[in-house]
There are 2 protein chains.
Amino acid sequence: MTGVRRKSGSVPVSLATVAAAAEVSISTVSRIVNGQTHRASRETIERVRGAIETLGYRPNQLGRALKRGESRVVAMLTANLNNPVMATVASSAEAALRAAGYVMILCDTHDRPELQDEYLKAMRSQAVQGYILVTNVKSPGLAEFVARGEPAVFACRRNPYASGAFVGIDNVGAGADAADYLWSRGCREPAVLFPAQSSSTIEDRLAGFSMRLLELGGRCSKAEAPGLSHLDVGYEAARSLLDRASLPQGVMCLSDQIAYGAHRLFFERGLRVPDDCVMVSIDGSTLSSWLAPWLTSVRVPYHEFGRHIVDLLGEIWRGEASGERILPHAFQSDVSSDFE
Amino acid sequence: MTGVRRKSGSVPVSLATVAAAAEVSISTVSRIVNGQTHRASRETIERVRGAIETLGYRPNQLGRALKRGESRVVAMLTANLNNPVMATVASSAEAALRAAGYVMILCDTHDRPELQDEYLKAMRSQAVQGYILVTNVKSPGLAEFVARGEPAVFACRRNPYASGAFVGIDNVGAGADAADYLWSRGCREPAVLFPAQSSSTIEDRLAGFSMRLLELGGRCSKAEAPGLSHLDVGYEAARSLLDRASLPQGVMCLSDQIAYGAHRLFFERGLRVPDDCVMVSIDGSTLSSWLAPWLTSVRVPYHEFGRHIVDLLGEIWRGEASGERILPHAFQSDVSSDFE
DNA sequence: CTGAAAGCGCTTACAG
DNA sequence: CTGAAAGCGCTTACAG
C-alpha cells in the first residue's frame with residue numbers, strides 16, 4: 001500500500017505466511033518448526049524449510065507461551081544492581097539462563113518492600129516461568145508469593161518466610177574464618193562493621209564471627225550504619241567506631257564494599273591498612289586485587305551462582321524436591337593467584 | 001480434583017474467571033480493567049471490581065501483547081555487565097523503563113558478534129517493543145536489524161551502520177579535555193592507553209585527545225592491549241609502554257577501568273601516581289573517589305542515561321524524528337563533591 | 001449499558 | 001502424511 005508509512009520495524013512473519021508460501025497448512029509448518037519431521041514427507045519438509053529460510057521466519061514466543069503455558073522467561077529481582085556483587089550474580093545467571101534457552105527480565109528493587117511487591121505483581125502479569133530472588137526484604141507481597149508456592153530460587157540471601165531452593169555460601173562459616181584470620185594476626189578485640197539494614201547474609205556472617213571470637217577467648221565491638229550503599233555504610237560505621245573508641249588492631253567488614261568505605265575514612269584520618277589496623281572482609285571481589293591490595297577477603301564464588309541457580313530452577317520445574325546449594329568459600333591464598 | 005499434584009505456583013486468574021464470578025461478559029470486565037468506566041453502570045463496575053479484588057486478578061500480558069501487538073517489554077543488549085559503567089547504564093535504564101510501565105530483558109553479549117546476533121534474533125522472537133543497545137560490535141545480524149528499521153536507541157557507542165537515536169557524551173570533547181588537563185600539569189609528551197577492541201567511544205576519545213595535544217604543540221605515544229576487561233587492557237598496555245620506553249610524565253587512560261589496571265602495574269613497579277606520573281581518564285566512576293583518589297577523571301553522567309534513552313524510545317514509538325542526546329561531561333571539580 | 005464474535009500467533013489432539 | 005478446529009487470554013469493533 002503506497003502512502004502508508006510504518007513507524008518503524010518490519011512486519012514479523014507468521015506461521016500463516018510461511019504456510020501460504022509453502023502451500024501447506026499451518027499445522028504442518030508448526031510441526032516442522034518443532035522438529036516433528038517424522039510426520040511429513042521429504043518434499044514437504046524441504047519446501048517448508050525453504051520458505052522459512054527465505055522469509056526469515058522465527059516463531060513468536062508470545063503465541064507459543066500463551067498456548068503452551070510456559071514463557072521461557074525468568075525474572076530476576078535484585079536488591080541493587082550498582083553493587084558489583086549483585087551485578088556478578090546477575091551476569092552469571094543471565095549466561096546460564098541463555099545457555100538453557102531462557103531469557104531474563106531484570107528488576108532492581110533497591111531493597112524497598114513496596115517496589116519489591118510491585119515487581120512481584122508485574123512479573124506475575126508477564127507470566128514469567130520462574131524467579132530468581134536476590135532481594136527479599138520482608139514484604140506482604142513476598143509472603144503471599146511464597147505461600148502460593150511460586151517457582152523461585154533464592155540466592156545470597158535466604159527466603160525470609162520458608163526454607164527451600166537456595167544458592168549461597170556458609171555465611172556462618174565464612175564469618176568464623178574471618179575471626180580466625182584476625183586472631184591469627186594477633187587481634188584479640190577487633191571491631192566489626194555492618195549495615196543497619198540486615199538480611200540473612202549479614203546476620204549469619206555476624207553470628208559466625210562473634211561466636212568464633214568468643215570461642216577463641218576474644219571479644220568484639222560493633223559499629224553499624226544505615227544506607228543502601230555499603231560504601232556509605234562502611235564509611236559511617238568506621239566514623240562512629242573511631243569517634244567513640246581508639247583504633248582496634250583489626251576490623252572485620254561484613255562485605256568488601258563496607259571495607260572500601262571504611263578504608264576511605266581511615267585514609268582521611270591518616271591511618272594505614274594493614275600497618276595500623278588489619279582489615280578483613282567477605283566477598284573476595286576481583287576488583288580488590290586491582291584497587292585494594294591492602295584488603296584480605298574471604299572469596300565467594302559469585303560467578304558460579306548462576307549455574308546452580310538455573311539447575312535448581314530446573315529441578316523445581318520438573319517437580320523434584322529442590323534443596324540448597326552451599327558453595328565453597330576460601331581465603332584467596334595469594335592475591336596474585338587471581339591473575340592468569 | 002483431589003489427587004492432582006500441581007508442581008508449583010497457583011493457577012492465575014483469567015478474565016473469564018472474573019466474568020463468571022461477577023456474572024457479566026468477558027468484554028465488560030475487559031473494559032473496566034482498561035478504565036473504560038463510562039460505558040458501564042455503577043453497580044456493574046462495583047461488582048466487577050469486587051470480583052477482581054477478591055480473586056486477585058491481574059491481566060495476563062501475553063494475551064494483551066498478542067492482541068494489541070505491543071508487549072511493553074524492552075530488550076537491553078550490553079557488552080559486558082561486569083563493567084560497572086554498563087551496570088550503571090543498565091540500572092538507570094531499568095529504573096526509567098519501570099517508571100514508564102515497561103520491563104527490561106537484559107542480554108550480555110560479551111562483545112561477541114555471534115552472541116549479539118543470537119540475542120537480536122531471540123529478542124525478535126520475544127516480540128520486544130524496543131531495543132537499547134550498548135554493544136554493537138559490527139555483525140551481520142546488527143546490519144540487518146538496522147536495515148529493518150527496528151525501534152532502537154544506541155547508548156554510549158554509536159550505531160556502526162547508520163545515524164539515529166543515540167545517548168552519550170561528546171567523546172571527542174572529553175578526550176580534548178583530558179589533553180588540556182595533562183598539558184596544564186606540564187605533560188608535553190604523555191602516553192595514551194587504549195583497548196585493541198575499538199568502538200566509536202574509544203575512537204572518538206582517542207581522536208579528541210591526540211588532536212588537541214597536537215594543537216597544543218605536544219605529541220603522544222600510544223600503547224594498546226587486547227581483552228574484554230579494561231582492567232586487563234590497562235595492565236597490559238602499561239606493561240608494553242614501560243617495556244619499550246621510559247616513564248612519561250602523564251598517562252591518559254581511555255576508561256577508568258584501564259586506569260585501574262595501569263595503576264596496578266605501576267604499583268607493582270614501585271611507581272607512584274600522581275607523584276611519579278600524572279594519570280587522567282574518562283568515566284568518573286563513583287568508585288574512584290573511594291578507592292582511587294590518585295585518579296583524575298572526566299565525569300560522564302551515566303546515571304542520567306536511562307531517562308534519555310526511554311525518552312528517545314518514546315519518540316521513536318510515536319513516529320517522531322528521533323535525534324541524539326549529548327549529555328554534558330566535566331571534570332569532577334573536587335572529588336569530595338561526590339559526597340553529600 | 002452489555003454481550004457475542006473475530007482474531008492476535010501458536011500447538012495439539014483428532015479425523016481423514 | 002496432512003489439515004480443520006479448538007483454545008491459550010486478551011481487545012475491540014459491531015450489534016443490540
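From a predicted model like this one, the values you see are computed outputs, not experimental measurements.
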Requested in this report: Identify, with sequence neighbours excluded, every residue that meets side chain to side chain contact (heavy atoms under 4.5 Å, CB included) alongside B/P84.
Outcome: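 In terms of side chain to side chain contact (heavy atoms under 4.5 Å, CB included), with neighbours along the sequence ignored, B/P84 is linked to B/Q257.
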
**Report entry** side-chain hydrogen bond (donor to acceptor under 3.5 Å, both in side chains) involving B/T17 - partner list, sequence neighbours excluded
**Finding:** B/S14

Query - Residues in side-chain hydrogen bond (donor to acceptor under 3.5 Å, both in side chains) contact with A/E70, at least two apart in sequence or another chain - result: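 In terms of side-chain hydrogen bond (donor to acceptor under 3.5 Å, both in side chains), with neighbours along the sequence ignored, A/E70 is linked to no residue.
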
Query raised in the report: Considering residues at least two apart in sequence or located in another chain, which fulfil the ring pair (Phe, Tyr, Trp, His ring centres under 6.0 Å) criterion with A/F154?
Result: none

Is [X] touching bases, backbone alone, or none of the nucleic acid, heavy atoms closer than 4.0 Å?
{"X": "B/S27", "value": "base"}
{"X": "B/V24", "value": "sugar-phosphate"}
{"X": "B/S30", "value": "base"}
{"X": "A/S14", "value": "sugar-phosphate"}

Query raised in the report: Does a donor on one side chain and an acceptor on the other come within less than 3.5 Å for B/S41 and B/T44?
Result: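 Side chains of B/S41 and B/T44: pair found under 3.5 Å.
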
Requested in this report: Name every residue in residues 47-57 of chain B that has at least one heavy atom under 4.0 Å from any atom of DNA chain D, in order of residue number, or write none if there are no such residues.
Outcome: B/Y57

Query raised in the report: Do NZ/NE/NH1/NH2 and the carboxylate oxygens of A/E43 and A/R47 come within less than 4.0 Å?
Result: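 Answer for the salt bridge query: no.
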
Only counting residues at least two apart or in another chain, list the ones meeting salt bridge (Lys or Arg N to Asp or Glu O under 4.0 Å) with [X].
{"X": "A/R98", "answer": "none"}
{"X": "B/E144", "answer": "none"}
{"X": "A/R124", "answer": "A/E150"}

Requested in this report: For ring-ring contact (aromatic ring centres under 6.0 Å, His included), just list the numbers for A/W317 and A/Y131, CA-CA rounded to whole Å, side-chain angles, deciding distance to a tenth of an Å, and then say yes or no.
Outcome: CA-CA 11 Å; A/W317 288 327; A/Y131 296 81; over 10 Å; no

Query - Where chain A begins and ends its contact with DNA chain D, read 5' to 3' at 4.0 Å from heavy atoms - result: D/dC1 to D/dG9

**Report entry** Check: B/T78 and B/T109 side chains under 4.5 Å, non-hydrogen atoms
**Finding:**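 In short, these two side chains do not touch, never coming nearer than 4.5 Å.
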
Report summary line: Pairing string of DNA chain D (Watson-Crick or G-U wobble, both atom distances under 3.5 Å; | = paired to other strand) is |||.||||||||.|||

Query - Residue pairs involving residues 100-122 of chain A (criterion salt bridge (Lys or Arg N to Asp or Glu O under 4.0 Å); sequence neighbours excluded) - result: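 Every pair satisfying salt bridge (Lys or Arg N to Asp or Glu O under 4.0 Å) with a residue in residues 100-122 of chain A: A/D111-A/R157, A/R112-A/E114.
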
Requested in this report: Determine, step by step, whether A/S25 and A/T28 satisfy the side chain to side chain donor-acceptor pair (under 3.5 Å) criterion, reporting the C-alpha distance in whole Å, the side-chain angles of both residues, the deciding distance to 0.1 Å, and the verdict.
Outcome: CA-CA 5 Å; A/S25 74; A/T28 301; 3.2 Å; yes

Query raised in the report: Which of residues 58-73 of chain B sit near DNA chain C, with a heavy atom under 4.0 Å from it?
Result: B/L66, B/K67

